[in-house]
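This report refers to the structure that appears directly beneath it.
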Amino acid sequence: MRTKLLALLSLGVAGLAPAVKAQEIPLTRIDIDVAQEKAEVAPTMYGIFFEDINRSADGGIYAELIFNRGFEEANLPSGCTYNPNDKRVYAPRKSVYSSPEHLRSWSIPWNIEDTHPGWTIECPADGKYSVRIDDTDHLGVEDSKAMYLSIDRHAAPFRLVNSGFYGLAVKAGEKYDLRFYIKAAPGYKGGVTAEILTVKNEVVASKRFALKGDGEWKYFETVMKPSQTMNDGRFALRFDSAGELEIDYVSLFPQETFHNRPNGLRKDVAQFVADLKPAFMRWPGGCIVEGLTMENRVNWKNTIGKPELRKGEYNLWGYHSTNGFGYHEFLQYCEDMGAKAMFVCNAGMSCDGRNGDYYDDNEVEVLIQDALDAIEYATGDAKTTKWGAVRAKNGHPEPFTLDYIEVGNENHSAMYAKYYNRFYKRIREAYPDITIITCLPMSDQLSWIDGYDMNDPHFYNFPSWYYSNTDYFDKFPREEGHKTYVGEYACNMGVGSGNMEGALSEGAFIMGMERNSDLVTMTSYAPLMENTKCRMGVNLILVQNDDVIGRSSYWVERMFTDNRPDVNLAIDTQLGLLPDKTTPVGGIGLGTYQTAAEYSNIRISVDGEEVYSSDLENNPGEWIAASGDWKIENGKLIQPNENGTGSIMLRDQWLDAVKSKIISVEFDAKKLGGKEGFVLKFGAKDPANCYQLTLGSFGNAWTIFQSVANDNAFVLNTDRPTTRIETGRTYHVKLVIRDKDILECWIDGHKDLSYDNHYVQRQYAIAGLDRTNNEVIVKVINAEDVPMRTKFNFRNAEFEPLGKRISLWANSKHEENTFEERNRIVPVEDVFNHVGSDMEVTFRPQSMTVLRLKLKK
């Protein structure tokens with residue numbers, strides 16, 4: 001049988017819906033009553049959360065230029081062991097605290113041969129040497145390593161070279177402090193020359209040091225001043241004699257840091273963060289607070305004092321952390337920015353998603369004391385308290401301020417509640433004025449604990465979720481004395497490494513938090529930053545060794561932090577409804593993503609009548625491969641490459657969802673290998689512009705519906721069932737479309753997912769009053785592909801004729817800032833003319849706009 005019409009979708013995807021003419025754009029009405037004040041917006045509303053992820057500390061905000069300065073980069077994670085048989089590192093196999101009956105053993109591949117990452121030895125062909133990394137105790141630091149270098153036959157030039165963090169970045173004429181330790185064994189007759197080199201081995205700075213071959217450790221320091229600016233340079237120690245040496249802690253540090261702090265922060269990166277005007281800063285994490293194991297957690301006492309005397313640790317995000325940006329530097333940075341400090345302590349549990357290790361009741365006492373000691377270090381008197389005296393010794397005699405302490409990170413269990421209550425009691429008794437935060441989300445688990453000042457839910461999701469949940473906090477009751485801190489949120493799914501679609505969806509969610517600022521009084525985006533050579537997920541700030549930029553999300557954040565009102569105003573928004581975007585219209589196809597699969601018995605029915613049944617042997621031309629390697633064998637469509645991604649489309653077959661009550665597309669599918677599952681394309685204008693039903697998406701995890709525009713896929717459903725597709729098993733899959741907009745996925749006769757495809761218009765507004773400047777602040781997000789014509793009616797307000805408009809927009813929701821086009825998406829400020837109580841304003845597509853309107857006195 002042949003299909004008659006095809007109609008399967010264009011769900012709000014740019015390029016699928018017909019363009020809307022200017023005169024057809026419906027008018028939105030926004031009424032704002034300046035005399036009717038709503039929730040106060042706390043000065044603490046917008047802050048930052050720093051976690052060492054994606055080399056955001058070493059190689060990011062921390063100013064050290066030498067990678068693996070202490071030769072500890074290859075140290076195993078504390079509490080873990082290496083298995084030479086499968087070349088993996090394993091954490092101990094233990095019961096998980098959240099499920100004591102379940103045993104878990106975390107492991108990762110480990111290159112045991114790579115003993116000194118970041119360091120290479122350059123020796124001419126006629127030279128001879130050997131090298132190893134081994135324990136050393138000259139600094140008295142646990143697990144400290146040094147390089148043992150034996151130059152058996154010297155040939156010039158013999159260099160130990162470090163390329164920094166993806167290239168050594170220095171500026172001509174700037175001063176850099178060099179520090180290192182060397183022990184030359186008896187018999188070594190030469191010296192050592194420190195050099196800064198270009199990629200072509202041109203020397204742009206050097207300093208020679210004499211070595212005394214007496215077998216004793218010697219400390220050396222100098223100031224180096226390169227004659228050339230570069231970002232692909234190298235640092236070297238050049239040796240001019242045969243002999244045996246030990247080398248440790250080679251550090252090259254710019255003298256000019258943020259606020260010129262020793263062991264400080266990169267000036268450009270730290271200032272870029274400070275430009276967010278954060279009201280507070282949360283440190284040190286995040287999952288690293290929990291650790292892979294309890295031994296692997298961040299221990300703040302290992303992060304203070306002289307940098308070379310700090311015990312580093314493997315970071316569960318995949319690399320070693322020197323702890324150079326430690327607790328003291330965090331407190332100092334908060335002071336320099338004028339931000340309040342929030343310290344996060346381990347609650348007695350490691351990361352449940354890794355190993356689920358935990359302390360017993362007696363061991364938790366050590367952690368409670370650690371938390372109390374951390375508060376004392378920050379706030380204690382230098383003369384009368386132990387840890388206050390340590391702080392003074394480290395260069396800060398006067399107390400810092402520490403306003404918040406959070407107990408745990410993403411620990412949700414009865415054990416957490418039990419341990420938390422002990423922390424809460426002891427901290428409240430010792431420090432009654434500090435704000436104590438529980439990491440429990442918005443759930444019934446809050447009733448398990450004895451008390452809290454704030455709770456900390458985290459939100460990572462797709463754009464569709466944020467757009468649909470701008471009213472999330474409208475739904476929660478208010479309890480006297482209890483506030484919410486949204487400590488982590490980001491649109492990190494379905495947007496690659498980020499784009500304007502994700503940024504605007506975050507902005508819609510932030511609007512909901514600001515509107516509910518009687519409940520949500522603190523927020524912070526996460527992760528804050530990444531070194532782009534160590535990328536994972538979506539981060540706010542992008543860092544290279546000599547540059548820093550903000551993603552579109554950074555500038556959305558700035559639009560809120562730079563324009564925070566003192567109080568919300570009553571606002572009523574009546575959207576001018578756009579034409580229906582959800583009626584299914586298009587073609588049908590099948591596909592794979594990094595998966596090999598076969599499809600057969602493909603059938604289409606309209607209102608109970610079968611209109612198409614596949615006969616691939618007799619009608620192979622019905623299906624046309626759009627991409628990938630497809631073949632037809634034994635009546636089946638086969639994509640045999642398990643790393644393959646592609647689609648094959650049904651030729652000239654049509655359905656009409658507009659005229660039909662029920663449409664179904666069903667088929668049998670078998671996964672032959674690969675990472676994910678099956679793809680059904682429908683509503684296709686072409687394979688790159690369509691809807692998709694994807695089974696086993698995101699690493700074989702979820703069933704999802706997606707809209708696809710120009711090969712950019714956006715997840716639609718906010719609830720995602722976890723359904724893994726097994727290799728070798730045949731599944732019967734059916735898509736059902738009911739009454740144009742209800743999409744259902746059936747697997748083997750079971751309804752796996754239902755999604756209401758009625759379009760949620762993506763236009764949002766919020767208003768507030770800046771009492772200091774006597775200005776009404778209006779924020780508007782138009783995440784549609786057409787302009788937003790808006791009629792404003794301000795009650796109880798008279799304005800000065802000139803205001804200010806700050807606009808952020810992109811030509812497409814898929815756009816993002818890059819180092820090559822850093823100003824593609826940045827706010828533009830201009831004078832806003834003809835301000836009045838009744839006025840019409842048109843907002844660009846894919847934009848966020850802030851209007852600042854001056855009230856007459």
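Any value given below was found using the heavy atoms of this structure, including those in side chains, with hydrogens, waters and symmetry copies removed.
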- Query: Does atom CG of D444 have more than 12 heavy-atom neighbours, drawn from other residues, nucleotides or ligands, at distances under 6.0 Å?
  - Reply: no
- Hey, could you give me the OG/CD1 distance between S847 and I781, rounded to the nearest 0.5 Å? 8.5 Å
- When you measure from the centre of the six-membered ring of W555, is the NZ or CZ of R824 under 6.0 Å away and within 45° of the axis? no
- Message: Could you check, using the six-membered ring where one of them is a Trp, whether Y525 and Y489 have ring centers closer than 6.0 angstrom?
- Response: yes
- Query: Should P640 and L672 count as side-chain neighbours, where that means a heavy-atom distance under 4.5 Å?
  - Reply: no
- Evaluate whether atom OH of Y593 has more than 12 neighbouring non-hydrogen atoms of other residues, nucleotides or ligands under 6.0 angstrom away. no
- Task: Return the minimal non-hydrogen interatomic distance between S600 and K636, and the atom names on each side.
- Result: CB-CG, 3.6 Å
- Atom of L577, atom of P26 and distance for their closest heavy-atom approach: O-CG, 3.2 Å
- Item | 4.5 Å side-chain heavy-atom contact, E501 and R762 | yes
- Just by modelled atom types, is the N634 backbone N or O under 3.5 Å from a matching donor or acceptor in the E617 side chain? yes
- Task: Find out whether L808 and I825 are in side-chain contact, i.e. whether some heavy atom of one side chain is under 4.5 Å from a heavy atom of the other.
- Result: yes
- Message: Test your reading of the model: is there a side-chain donor-acceptor pair from N54 to the backbone of M536, 3.5 Å cut-off?
- Response: yes
- Output, in order, the C-alpha distance, side-chain angles, deciding distance and verdict of side chain to side chain contact (heavy atoms under 4.5 Å, CB included) for V538 and R551. CA-CA 9 Å; V538 175; R551 282 187 45 250; 3.2 Å; yes
- Note on the structure: Taking every heavy atom of S754 against every heavy atom of K751, the minimum-distance pair comes out as CB-CD, 4.4 Å
- Query: Is the side chain of S505 donor-acceptor paired with the backbone N or O of Y466 at a distance under 3.5 Å, no angle test?
  - Reply: no
- Should S464 and M493 count as side-chain neighbours, where that means a heavy-atom distance under 4.5 Å? no
- Item | Heavy-atom pair with the smallest gap, counting every atom of W630 and S627 | NE1-O, 2.9 Å
- Counting only N and O atoms by type, is there a donor-acceptor contact under 3.5 Å from the side chain of R789 to the main-chain atoms of I25? yes
- Item | Steps toward side chain to side chain contact (heavy atoms under 4.5 Å, CB included) verdict (N469, K475) | CA-CA 10 Å; N469 283 276; K475 308 167 187 175; 4.3 Å; yes
- Message: What I'd like to find out is whether the side chain of C287 reaches to under 4.5 Å of the side chain of R354, using heavy atoms alone.
- Response: yes
- Working for side chain to side chain contact (heavy atoms under 4.5 Å, CB included), residues E410 and Y416: CA-CA 10 Å; E410 297 180 352; Y416 169 78; over 6 Å; no
- Task: Classify the side-chain pair Q706/T694 by whether it contains a donor and acceptor separated by less than 3.5 Å.
- Result: yes
- Are W465 and F459 near enough that their ring centres are under 6.0 Å apart? yes
- Side-chain heavy-atom pair V520, F476 within 4.5 angstrom cut-off: no
- Task: Establish, from distance only, whether the side-chain atoms of T484 and N455 form a donor-acceptor pair under 3.5 Å.
- Result: yes
- For the pair S497 and E530, evaluate side chain to side chain contact (heavy atoms under 4.5 Å, CB included) and give the outcome as yes or no after the intermediate values. CA-CA 11 Å; S497 56; E530 66 171 49; over 6 Å; no
- Item | Spacing of CD belonging to E676 relative to CH2 belonging to W702, to within rounding of 0.5 Å | 11.0 Å
- Query: Any side-chain heavy atom of D456 sitting closer than 4.5 Å to one from T438?
  - Reply: no
- Message: Check whether R515 reaches the backbone of I766 with its side chain - one donor and one acceptor, N or O, closer than 3.5 Å.
- Response: no
- Aromatic plane relationship, Y460 with H458 - under 30° parallel, 30 to 60° tilted, over 60° perpendicular: perpendicular
- Item | Distance-only side-chain donor-acceptor flag, N641 / Q639, under 3.5 Å | no
- Short side-chain to backbone donor-acceptor contact, S664 and V736, under 3.5 Å: no
- Which heavy atom in S552 sits nearest to a heavy atom in E816, and how many Å separate them? N-OE1, 2.8 Å
- Under 3.5 Å, is there a donor-acceptor pair between the side chain of R738 and the main chain of E744? no
- Are any of the side-chain heavy atoms of M529 and N539 separated by less than 4.5 Å? no
- Item | Where V780 and A765 come nearest, the two heavy atoms and their spacing | CG2-CB, 4.2 Å
- Note on the structure: CH2 of W623 to CE of M649, rounded to nearest 0.5 Å, is 8.0 Å
- Message: Treating N411 as the side-chain partner and N409 as the backbone partner, does any N or O pair qualify as donor plus acceptor under 3.5 Å?
- Response: yes
- Query: Distance only, no hydrogens: is a donor on one side chain within 3.5 Å (strictly under) of an acceptor on the other, for Y764 and T573?
  - Reply: no
- Query: Got a second to check how far L693's CG is from L735's CG, nearest 0.5 Å?
  - Reply: 6.0 Å
- Task: Just grab all the ring pair (Phe, Tyr, Trp, His ring centres under 6.0 Å) pairs involving residues 723-744, residues at least two apart or on different chains.
- Result: F678-Y731
- Report yes or no: does K681 contribute a side-chain atom to a donor-acceptor pair with the main-chain N or O of P687 at less than 3.5 Å? yes
- Task: Starting at CG of N700, measure out to OG1 of T595 and round the result to the nearest 0.5 Å.
- Result: 7.5 Å
- Just checking, any donor-acceptor pair under 3.5 angstrom between side chains of D785 and Q846? yes
- OH of Y554 to CG of L540, rounded to nearest 0.5 Å, is 8.0 Å
- Would you find a donor on one side and an acceptor on the other, under 3.5 Å apart, between the side chain of S614 and the backbone of L616? no
- Item | E622 side chain to Y612 side chain, donor-acceptor N/O pair below 3.5 angstrom | yes
